[in-house]
There are 2 protein chains.
Amino acid sequence: MATETIGQRMTAQRRLLLDIIRSANDHIDADGLYRQAKERDPRISLSTVYRNLSLLKDVGLIAERRLGEGHHHYEINVAPHHHHLVCVECGVVFEFESHFTEKMKAAVEEASQYVITNIEVNMQGHCRDCLEKSSQ
Amino acid sequence: MATETIGQRMTAQRRLLLDIIRSANDHIDADGLYRQAKERDPRISLSTVYRNLSLLKDVGLIAERRLGEGHHHYEINVAPHHHHLVCVECGVVFEFESHFTEKMKAAVEEASQYVITNIEVNMQGHCRDCLEKSSQ
DNA sequence: CCCTTATTGCAAATGCTTCCCAATAACAAT
DNA sequence: ATTGTTATTGGGAAGCATTTGCAATAAGGG
């Protein structure tokens, strides 16, 4: 008795999914991940994709974003903190960070008496390309 | 011919829904709205709730927020702009505004070359009450 | 090489939201 | 008032992203 394993086995599927997420240079969603994974392992299941996304998220390896409506996007957790500006026309995402968030956090913590654990800034707008297209 | 009405009839249901949203002092969700509406008009349909939420949103009378996971919350559009800090334990929402957002907008517009139309700041944390409860 | 137990695949279930369509009701013009 | 036009409704079915149940599989410590 007592084979205390508290989680995390490195399965082929998990390795595959992590690999795809790592090499994806933009934010990927569950369906895109599923499709790419199926190319390399046709028997992989959509449940496995969701289960692993959720696990990787819990562990802190990836971050979950809701950039638009309907579904989530995921990205590897590397940059300590950054935010998103999405073009409402074409969906292109501009990432940024700002020292203003720290100041804002301090001010809001003071005002609210909360202990703030997370800040997320989402902006929408029109990117240069779309602006040019519509002005012609 | 030519009875050009391009929309918006004031129906009893629409009046009722608006009334409930107005008198709700916190962010309400579709289901809560539906339940409250049914108390006053048992025949009202959930479709009607969703249709009117979407219409009121398009018209700009209410704002749609995704404060947590899963579903949306709605609130009357009055305060020009404010943001949200949600307690992850009990869900209580603290609203705030900050002049830092304007500065951040300017900086990000400059860096990205986008035209920014909307900014949303979502924070999570622990509220005073929950902190006290868990420290006892 | 076993044995335990995390993990998988598949299918069915969920939760929120949207869509379809025939019946109803608003409101402008008669 | 009455009509005609058309937005709106109720109800149920469909849709989409995600979760869950369960028997079969496989990881990795002993």
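Everything quoted here is computed from the prediction, not taken from an experiment. Per chain, numbering begins at 1; letters A, B, ... match sequence-line order.
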note: B/Y34, atom OH; C/dT18, atom C1'; distance rounded to Å ~ 15 Å
Taking OP1 and OP2 of C/dT8, is either one under 4.0 Å from a side-chain nitrogen or oxygen of A/R9?
no
B/R51 side chain, from C-beta outward: closest of D/dT19, D/dT9, C/dT8:
D/dT9
Rounded to the nearest 0.5 Å, the CD1 atom of B/I21 sits from the NE2 atom of B/H27 at a distance of 12.5 Å
With no angle test and no hydrogens, is the base of D/dG11 tied to the side chain of B/R43 by a donor-acceptor pair under 3.5 Å?
no
Let's see if you can work this out: which of D/dG10, D/dT8, D/dT18 has an atom nearest to the side-chain heavy atoms of B/Q8?
D/dT8
Would you call B/R35 and B/D31 a salt bridge, using N to O less than 4.0 angstrom?
yes
Using whole Å, what does the distance between atom P of nucleotide D/dT8 and atom CG of B/D58 come to?
12 Å
Does a side-chain N or O of B/Y50 approach OP1 or OP2 of C/dT18 to a distance below 4.0 Å, or not?
no
Donor-acceptor pair, A/D19 side chain versus A/R15 backbone, under 3.5 Å?
no
A/A30 has a side chain; which of D/dT18, D/dT8, C/dT17 sits nearest to it?
D/dT18
Salt bridge or not for B/E120 and B/R66, using N-O below 4.0 Å?
yes
Between C1' on C/dT7 and CE on A/M10, what's the gap in Å once rounded to a whole number?
12 Å
Please determine if a side-chain N or O atom of A/T11 lies less than 4.0 Å away from the OP1 or OP2 oxygen of C/dT8.
yes
In this structure, how many angstroms lie between the C1' atom of C/dT17 and the NZ atom of B/K57, rounded?
10 Å
Nucleotide of D/dT9, D/dA17, C/dG9 approaching A/H71 most closely (side-chain heavy atoms):
D/dA17
Is A/L46 touching bases, backbone alone, or none of the nucleic acid, heavy atoms closer than 4.0 Å?
base
Write down the distance between CD1 (A/I44) and P (C/dA11), rounded to a whole number of angstrom.
16 Å
Does a side chain donor of either A/E97 or A/H82 reach within less than 3.5 Å of an acceptor in the other side chain?
no
Considering only heavy side-chain atoms of B/D41, the closest of D/dG10, C/dC16, C/dG9 is D/dG10
Just how far, in rounded Å, is C1' of D/dT19 from CG of A/L53?
13 Å
Is the phosphate of D/dA27 approached by A/R14 (side-chain N or O, under 4.0 Å from OP1 or OP2)?
no
State whether B/Q13 places a side-chain N or O below 4.0 Å from either non-bridging phosphate oxygen (OP1 or OP2) of C/dA25.
no
If I take atom CG in residue A/L55 and atom C1' in nucleotide C/dT8, what distance separates them, rounded to the nearest angstrom?
13 Å
Quick one: label B/N52 by what it contacts on the DNA or RNA (base, sugar-phosphate, nothing), any heavy atom closer than 4.0 Å.
sugar-phosphate
5′-ward residue of the pair B/Y74/A/S45 relative to DNA chain C
A/S45
When rounded to whole Å, the CG to C1' distance for the pair B/L33 and C/dC16 reads 15 Å
Would you indicate, yes or no, if C/dT17 has its OP1 or OP2 atom less than 4.0 angstrom from a side-chain nitrogen or oxygen of B/H72?
yes
Residues B/H71 and B/D29: side-chain donor-acceptor under 3.5 angstrom:
yes
For the side chain of A/S47, counting heavy atoms from C-beta on, which of D/dT8, C/dA11, D/dG10 is nearest?
C/dA11
